2 protein chains.
Amino acid sequence: MREFKRKSRILLVDDNAEHLRGIKELLTLETGYDIAGTTTSANIGINLVKKYRPEIVIMDINLPEKDGLQAIQEIEKLGLGTKILVLSGYDDPDLIYRAMKIGANGYVLKTMSSAQLVYAIDEILAGKYYLPSALSSRFFEHFQQSFREECEASDEENLLTYLTSREEEVLELLTQGNNYKGIAGKLFISETTVKTHVNNIFQKLQVNDRTQAVLYALNNGFGKKIRAKISA
Amino acid sequence: MREFKRKSRILLVDDNAEHLRGIKELLTLETGYDIAGTTTSANIGINLVKKYRPEIVIMDINLPEKDGLQAIQEIEKLGLGTKILVLSGYDDPDLIYRAMKIGANGYVLKTMSSAQLVYAIDEILAGKYYLPSALSSRFFEHFQQSFREECEASDEENLLTYLTSREEEVLELLTQGNNYKGIAGKLFISETTVKTHVNNIFQKLQVNDRTQAVLYALNNGFGKKIRAKISA
DNA sequence: GATTTTCTCAATCTTTAGATTTAAATCAAA
DNA sequence: TTTGATTTAAATCTAAAGATTGAGAAAATC
């Protein structure tokens, strides 16, 4: 890997000019990377990405004019395959989670050693993702938490459980945007029968019309039984 | 940490009896952990968790009778705070992703060194999550991919972009289950005006009724702009 | 075997939804 | 300033949705 180092262009974005100089010095002295540019502005940074096409951007996440996360998204949107290493002062789980979610390839703290920074850059340039183990732990806490909340929300007193199997069929066709005639045709029953089912569904779900029924179904995990079997 | 080791109970679940013996020997010889039990069956494993309440379960993920992922979910549902370390023969990104998603605290390959296994157990017992860097990379690939797909799906020719801001307001109220009167009241405009807006929405979204409009909105990322500002 | 639930269907009626046309006021852009 | 887009509104009409009652047949449950 050492032989490619001098070819890799790096862009530095940090609102602290001193910190910027420090990192630049570190990287030019200790590695063979080519610092394509440095800037304290997120907007200028995005333009520099377009101009110099760096392999990797090392970006501070709390910038004055523009949110660092938003800047990451915009760089991702360019579709240049630019790698992004977040350099942050905060080990906030939610921040880590969001940064990784929108496309960061790594996240390290400003307090870490210079050797660790160089290692992170090497890993990311090699096509990997890099999170120090402490931050990785915090990420997964948040990651699992977000899924636990989804499940719990659809647990307590789900009125969908009171539906009969036929009513479930009718409701599914409702959630596909069918009207009475469409449902009747697909289930090979009369339109009046469908009306009966739909009215029973309304009473059981305590709603007044089909739109509310469909919304209740979607918000309370209707159809997740099938998806759960496939995806979990 | 060393002084707590002997107190921590471990449960081993692996369909390969030989492998089971090997791990048990390794852990009893090289560490002070207490092997609470070993089994080749996922169902028995779940019962053993209830009985012995181990701090950690080391589980093979491809079991004969029951899916390992399902077993993890059931152990999680017990709410005993049992930590789970997945021991798998596969470094499939999707498998890693799903295991971590449903509650695993770590994922290591069977090919790894015994020292790494012991390290992983220590980390998890200390309340952390553990993924070897190679698997961590694969996890994040899949993690980001899943979000990219969500966005791309709602990109190409999104009819929602043709809506005016007022129509967006009306549509949002539709997606909350309001009827004409409700929308008119909330926007302080007449019911007939709402009808006009709704009809324009139908034409722009190429649908025939409000349920289809709501479904189109939900399936094409309506409201994500607002959520994006908050959560990303 | 009796009971209950579920599924089926019809008739009737009221309300809401949706289509269509026309049009005035506002506002931004050409 | 005029053009075009947006927001507002009314009138009218048809179609669909929703509420209610009643009732027969089949299947499950007791």
Side-chain angles (χ1 to χ4, degrees), chain A residues 157-226, chain B residues 157-226:
Chain A
E157 253 313 283
N158 194 330
L159 299 175
L160 291 171
T161 59
Y162 299 128
L163 298 181
T164 68
S165 61
R166 197 57 160 172
E167 285 161 359
E168 278 182 354
E169 289 184 79
V170 173
L171 181 55
E172 192 182 333
L173 291 170
L174 279 181
T175 62
Q176 288 165 17
N178 290 285
N179 57 15
Y180 286 137
K181 198 186 289 180
I183 296 172
K186 275 159 193 165
L187 295 182
F188 302 107
I189 54 179
S190 86
E191 217 171 310
T192 56
T193 305
V194 178
K195 285 193 179 190
T196 309
H197 286 311
V198 169
N199 268 288
N200 291 333
I201 290 171
F202 289 168
Q203 284 185 5
K204 288 184 179 178
L205 301 188
Q206 297 166 19
V207 297
N208 304 311
D209 55 58
R210 61 181 54 206
T211 307
Q212 290 175 3
V214 167
L215 288 169
Y216 185 92
L218 297 179
N219 290 327
N220 291 83
F222 187 73
K224 276 188 183 171
K225 291 166 219 162
I226 305 146
Chain B
E157 255 311 284
N158 193 332
L159 300 176
L160 292 171
T161 59
Y162 300 128
L163 298 182
T164 67
S165 60
R166 196 56 161 174
E167 285 161 0
E168 279 182 354
E169 288 183 80
V170 173
L171 180 54
E172 192 183 333
L173 291 170
L174 278 180
T175 62
Q176 289 165 16
N178 290 284
N179 57 13
Y180 287 136
K181 198 186 289 181
I183 296 172
K186 275 158 193 167
L187 294 181
F188 303 105
I189 54 179
S190 87
E191 216 172 311
T192 56
T193 305
V194 178
K195 285 192 178 190
T196 308
H197 287 312
V198 169
N199 269 287
N200 290 333
I201 290 170
F202 290 168
Q203 285 186 3
K204 288 184 179 178
L205 300 187
Q206 297 166 20
V207 297
N208 305 311
D209 55 58
R210 60 182 55 209
T211 307
Q212 290 176 2
V214 167
L215 288 169
Y216 185 93
L218 297 179
N219 289 327
N220 291 82
F222 186 73
K224 278 188 183 172
K225 290 166 218 162
I226 306 147

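A note on names: the letters A, B, ... follow the listed sequences, proteins ahead of strands, and every chain is numbered from 1. Computation of the quantities below employed the complete heavy-atom set of this structure, encompassing side-chain atoms and omitting hydrogens, waters and symmetry-equivalent molecules. The structure presented is a predicted model; accordingly, all values stated were derived computationally and were not measured.
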Need one value for [X]: base, sugar-phosphate or nothing, where a base atom within 4.0 Å counts as base even if backbone is also close, heavy atoms only.
| X | answer |
| --- | --- |
| B:Asn179 | sugar-phosphate |
| A:Lys195 | base |
| B:Ser190 | sugar-phosphate |
| B:Thr164 | sugar-phosphate |

Earlier contact from the 5' end, DNA chain C, for B:Arg210 and A:Leu187: A:Leu187

From CD (B:Glu169) to CG (B:Leu174), nearest 0.5 Å: 12.0 Å

Considering just the side-chain nitrogens and oxygens of [X], establish if one lies under 4.0 Å of OP1 or OP2 belonging to [N].
| X | N | value |
| --- | --- | --- |
| B:Tyr180 | C:dG18 | yes |
| A:His197 | C:dT8 | yes |
| A:Asn199 | D:dG18 | no |
| A:Thr193 | C:dC7 | no |

What is the separation between atom [atom1] on [X] and atom [atom2] on [N], rounded to the nearest whole Å?
| X | N | atom1 | atom2 | answer |
| --- | --- | --- | --- | --- |
| B:Asn200 | C:dT20 | CG | P | 12 Å |
| A:Gln212 | C:dA17 | CD | P | 10 Å |
| A:Glu191 | D:dG18 | CD | C1' | 13 Å |
| B:Ile189 | D:dA10 | CD1 | P | 11 Å |
| B:Lys204 | D:dT7 | NZ | C1' | 11 Å |
| A:Phe202 | C:dT16 | CZ | P | 14 Å |
| A:Gln203 | C:dT5 | CD | P | 15 Å |
| A:Leu174 | D:dA16 | CG | P | 16 Å |

Any side-chain heavy-atom pair of [X] and [Y] under 4.5 Å:
| X | Y | value |
| --- | --- | --- |
| A:Leu171 | A:Leu205 | yes |
| A:Asn220 | A:Leu159 | no |
| B:Ile201 | B:Val170 | yes |

B:Ser165 side chain, from C-beta outward: closest of D:dG18, D:dT7, C:dC7: D:dT7

Nearest-neighbour nucleotide for the A:Thr192 side chain, C:dT20, D:dG18, C:dC9 considered: C:dC9

N/O donor-acceptor pair, side chain A:Thr196 with base C:dC9, under 3.5 angstrom: yes

Donor-acceptor under 3.5 Å (B:Arg210 side chain, B:Asn178 main chain): yes

Any donor-acceptor N/O pair, B:Gln212 side chain to A:Gly177 backbone, under 3.5 Å: yes

DNA chain D: 5'-proximal contact among B:Arg166 and B:Asp209 (nearest heavy atom): B:Arg166

